[in-house]
Amino acid sequence: MERWNTTVTEFILVGFPTLYGYGPLLFACLLLVYILTIAGNVIIFVLVRLDSRLHTPMYFFISILSFLEIWYTAVTIPKMLINLLVPRKSIHFNSCLLQTYFFHSLGASECYLLTTMAYDRYLAICHPLYYPSIMNSSMTLKLVVACFSLGFLCPIAEVILISRLPFCGSNEIQHIFCDFPPLLSLACTDTYINVLADFVINSFIILVTFTFIMISYIKIIIAILKIRTSTGRIKAFSTCVAHLTVVLLFFTCIVFMYVRLTKSYSLYYDRVLAVIYSVLTPILNPFIYSLRNKEIRLALKRLCTKFISNSVTEQKFELDIGILG
């Protein structure tokens, strides 16, 4: 990737300087959060794959969201863990661009996937008779491929533009990982084009998808209110609560972070927001879906029962073989 920069070949990720003295403690806490995030999302993904009762479009999309979250956290958290232990928190220029690209690609893919999940709930509740024929296995696969394809195409222009900027001054990124706003603040030239491109692309991805989701849920709520029985209303709305909670958590942070037409911002404010949407939201997703979703809880119970039963049967078989021997 051709670029003008001849001075800065690496960046220093400043993070939270006032917390450097608590490095080992923060490392332990972040490692625990990362393990729980990976474990929770892997469990949901495996449950949906193994339990035939969960082979529906809604749970298929939930499993893909869990799969996406695994990679979304893998882009930033391992490097954050390393930086909590080493004195020199550096990252190579090209590695920084790659981290930024994959972080935004996966984030954009999540925006599109959450929109697809809202559309799935809209069809299921507002057009239940047409739902099976529209949302078949072929359509769900095509929608997921479209989400990832669009997600990985969106940040390409931003990365190309920022790769051509000259970085000839400070190389300290006032952030916990590489991202477009803190990188633009280090450039030695006017970045108006970059800021404008970021604003247009991020506005399209975030605001359009969020608007579509909200329109879907307005129609869903109207349809639910028309259901005559309270039991039916509660059952219909319960299938949407978890997804709506995830949507509000995810979009609230990224709207404040990326939809703005200036590169002047509170660095501390951005770092706190980054912790929320890159660390806390991914760990909350599996718990939100597992705690509020009866089918996933039952599937986990069935899997655990089957695992225990198989273990007991295997031990009994080995014991019988030992006695016969």
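The structure displayed is predicted, hence computed values, not measured ones. Nothing fancy with the numbering, it's 1 onward along the sequence.
Using cut-offs of 30° and 60° for the angle between ring planes, the Phe210 and Phe251 rings count as tilted.
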List the atom pairs, with distances to 0.1 Å, where a side-chain N or O of residues 124-135 and a protein N or O form a donor-acceptor pair under 3.5 Å, not counting sequence neighbours.
residue	atom	partner	partner atom	Å
His127	NE2	Tyr122	OH	3.1
Tyr131	OH	Asp120	OD1	2.5
Ser133	OG	Tyr130	O	2.9

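Within the model, atoms OG1 of Thr116 and CG of Leu65 stand 11.0 Å from one another, a figure rounded to the nearest 0.5 Å. Interatomic distance, Thr281 OG1 to Glu110 CD, rounded to the nearest 0.5 Å: 8.0 Å.
Applying the side chain to side chain contact (heavy atoms under 4.5 Å, CB included) test between Leu300 and each of Leu47, Thr305, Asp51 identifies Leu47 as the sole match. Among the candidates Val48, Val46, Asn41, the single residue satisfying the side chain to side chain contact (heavy atoms under 4.5 Å, CB included) test with Ser63 is Val48. When each of Tyr34, Phe103, Phe177 is tested with Tyr72 by the rule ring-ring contact (aromatic ring centres under 6.0 Å, His included), just one qualifies, namely Phe103.
Within the hydrophobic cluster formed by Ile, Leu, Val, Met, Phe, Trp and Tyr side chains joined at under 4.5 Å, directly or through other members, Ile205 is accompanied by Tyr112, Leu150, Ile201, Phe204, Val208.
Cluster annotation: Leu106 and Phe67 are assigned to the same hydrophobic cluster (Ile/Leu/Val/Met/Phe/Trp/Tyr, side-chain heavy-atom contacts under 4.5 Å, transitive). Using a 4.5 Å cut-off between side-chain heavy atoms of Ile, Leu, Val, Met, Phe, Trp and Tyr, with links allowed through other members, Phe250 and Met214 fall into the same hydrophobic cluster. Criterion: ILVMFWY side-chain heavy atoms under 4.5 Å apart, direct or through other members. Under it, Leu36 and Leu84 are part of a common hydrophobic cluster. Residue Ile176 is grouped with residue Tyr22 when hydrophobic side chains (ILVMFWY) are merged at heavy-atom distances under 4.5 angstrom, including chains of intermediate members.
Looking at heavy atoms from C-beta onward, Asp198 lies in side-chain contact with Leu184 at the 4.5 angstrom threshold.
Formation of a donor-acceptor pair under 3.5 Å by the Lys89 side chain with backbone atoms of Leu13 is not found in this model.
Within 6.0 Å of the CZ atom in Phe148, the count of heavy atoms belonging to other residues, nucleotides or ligands exceeds 12.
No side-chain N or O of His104 forms a donor-acceptor pair with one of Asn202 less than 3.5 Å apart. Side-chain atoms of Ser216 and Arg121 form no donor-acceptor pair, as typed in the model, at a separation below 3.5 Å.
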